[in-house]
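See below for the structure under consideration.
Start at 1 and go down the list; that is how both ligands and their atoms are numbered.
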Amino acid sequence: MSWEANVRRVIPYTPGEQPGQQDIIKLNTNENPYPPPPGVMEAIRGIGAERYCLYPDPDAGRLRQALADYHGLKKEQVFVGVGSDDVLALAFLTFFHSGRPIFFPDITYSFYDVWADLYGIPYETKPLRDDLTIAVSDYRGGSGGIIFPNPNAPTGILMDSAEVEAMIRDNADVVVIVDEAYIDFSGDKKSALSLLERYDNLLVVRTFSKSRSLAGLRIGYALGGEKLIGYLQDVKFSFNSYTMNLPSLMAGEASIRDDVYFREALEKVIRTREWTKEKLQDLGFVCTDSRSNFLFASHKRVAAAELFTALKQAGIYVRYFSRPRIDNYLRISIGTQAQMERLIAYLQEYMDHN
Ligand code: PMP
């Protein structure tokens, strides 16, 4: 028998391209086009060389406390990881252990099925409605856990707060993970965080990669009841004590401290999103009601696959998913206003000549 018979074989998640060229317009991985606040760079520069010889704080205490203070919670309700992908991967491992299938939407973040396959967690996908919204009633009872992003990806559509609550309340016997990677672009008060007081089966996952302009440092976190977070901590410490490196810990804390800069950058992205959406609609695109830092757009006449290729040749990278139901959409991250003006100018030209 070959050694290969004993290998864990998986089909990995495919991240968006990170091309080397500098002269492209990169609208394919929902990064923030604005730099992080100056305090973040100062915090990193301020780390003395002697500190790099030592392990970082395995408890990530200062960053967790800063996040707890920011959200009005206790440090014991905060978990941090290497981007929300790390947090989500550990949450799958910790909470989806019943043997019953976990439920998530058929069109959603395409890492969920990869983690489920990796860990051997059975799953059932629940089809979005024709208007690409999540049908909450499909998730009631019988699952081994539930996960969905709010707003959903790649549609950008936000589920209203009452429906989010129903999802958590109706499934109190399992952990419900709300992946809020994009929630900061949805306006205040749309988060499930206010439900933490009432539901101990809720885990809210967040990231510094989008709204906080720190995709390069890999910082994600989860908020939940103390008991839930305690279980997650136990699994993390059974896997890797030092997930968070020193610059990430320092930068994360500095980011949280500059709320004024944070809100200004958010406002800019939201304003540009609405501007771009209007221009795309004028050009014959249909867009979902995205409350994130990307648009999900389909042209009435020109196929998305064709546009994707043409845009790439022109040095404008967007994301295209060749999957049933969404294979005529482009997912376009929101860049700076100037970048979006170049995108619109290119599409205008294209539509005039094709
Ligand atoms: N959740 C969703 C819905 C996402 O789109 C992404 C970004 N790919 C992530 C989680 C992971 O982001 P990160 O690991 O950078 O925090």
Side-chain angles (χ1 to χ4, degrees), residues 12-18 26-33 36 60 63 67 78-93 96 102 104-116 118 125 128 132 134 146-159 164 176-186 190-192 203-223 232 236 240 243-245 248-249 251-252 255-256 269 273 288 290-296 317-321 323 326 329-334:
Y13 171 75
T14 318
E17 264 181 280
Q18 297 292 353
K26 193 172 177 309
L27 309 174
N28 68 332
T29 49
N30 300 341
E31 288 138 329
N32 198 309
L63 177 58
L67 283 164
V78 184
F79 179 83
V80 293
V82 186
S84 53
D85 281 342
D86 179 47
V87 175
L88 289 165
L90 287 170
F92 269 57
L93 188 58
F96 296 157
I102 60 166
F104 50 84
D106 63 339
I107 295 165
T108 195
Y109 185 30
S110 48
F111 220 140
Y112 299 156
D113 55 344
V114 174
W115 286 312
L118 174 64
T125 57
L128 296 185
L132 302 181
I134 293 175
I146 291 169
I147 178 157
F148 63 97
N150 198 38
N152 195 10
T155 64
I157 297 172
L158 184 77
M159 189 190 283
V164 173
V176 177
I177 303 178
V178 185
D179 178 353
E180 293 192 339
Y182 301 102
I183 197 78
D184 288 325
F185 302 101
S186 308
K190 302 294 182 187
S191 169
L203 188 76
V204 177
V205 176
R206 297 274 187 99
T207 180
F208 281 55
S209 300
K210 323 287 180 183
S211 56
R212 293 195 173 273
S213 303
L214 284 173
L217 278 182
R218 312 300 297 125
I219 308 170
Y221 62 106
L223 304 164
L232 201 46
K236 178 223 142 162
N240 179 357
T243 49
M244 304 298 288
N245 66 55
S248 298
L249 290 172
S255 163
I256 294 293
V269 173
R273 178 187 73 202
T288 59
S290 173
R291 301 302 170 99
S292 62
N293 68 336
F294 55 83
L295 289 166
F296 199 50
Y317 283 56
V318 299
R319 193 92 195 256
Y320 172 71
F321 300 96
R323 293 181 52 175
I326 56 167
Y329 282 88
L330 296 176
R331 193 196 68 187
I332 307 169
S333 308
I334 303 302

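Heavy-atom separations between F208 and ligand 1 are all 4.0 Å or longer.
Of the protein's heavy atoms, Y182 OH, 3.6 Å lies nearest to atom 4 (C) of ligand 1. The protein heavy-atom contact nearest to atom 12 (O) of ligand 1 is S84 OG, 3.3 Å. Looking only at protein heavy atoms, the nearest one to atom 14 (O) of ligand 1 is R218 NH2, 2.7 Å. Among all protein heavy atoms, the one lying closest to atom 11 (C) of ligand 1 is D85 OD1, 3.1 Å. The protein atom (non-hydrogen) at minimum distance from atom 1 (N) of ligand 1 is D179 OD2, 2.7 Å. Of the protein's non-hydrogen atoms, Y109 OH, 3.2 Å is the one closest to atom 8 (N) of ligand 1.
The contact set between ligand 1 and A181, taken as ligand atoms under 4.0 Å from a residue heavy atom, comprises 1 (N), 2 (C). Near K210, the atoms of ligand 1 lying under 4.0 angstrom from a non-hydrogen atom of the residue are 7 (C), 8 (N). Near G83, meaning under 4.0 Å from any of its heavy atoms, are these atoms of ligand 1: 14 (O), 16 (O).
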Just do the ring pair (Phe, Tyr, Trp, His ring centres under 6.0 Å) check on Y320 and Y329 with the steps written out, would you?
CA-CA 7 Å; Y320 172 71; Y329 282 88; 10.0 Å; no

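Taking N240 as the reference, Y242, T243 meet the side-chain contact (heavy atoms from CB on, under 4.5 Å) condition, with sequence neighbours excluded. Scored by the side-chain contact (heavy atoms from CB on, under 4.5 Å) test, N293 finds N30, Y182, F185, K210, V269 as partners (sequence neighbours excluded).
Side-chain polar atoms of T125 and D106 form no donor-acceptor pair below 3.5 angstrom. Checking Y109 against N152 by side-chain atom types alone, no donor-acceptor pair falls below 3.5 Å.
Side chain of N150 to main chain of M159: a donor-acceptor pair is present (N/O by atom type, distance under 3.5 Å, no hydrogens or angles). Under a 3.5 Å cut-off, the side chain of R291 and the backbone N or O of G156 do not form any donor-acceptor pair.
Within the 4.5 Å cutoff, side-chain heavy atoms of R206 are placed close to those of S191.
Contact annotation for S209 and ligand 1: only side-chain heavy atoms (C-beta onward) come within less than 4.0 Å of the ligand.
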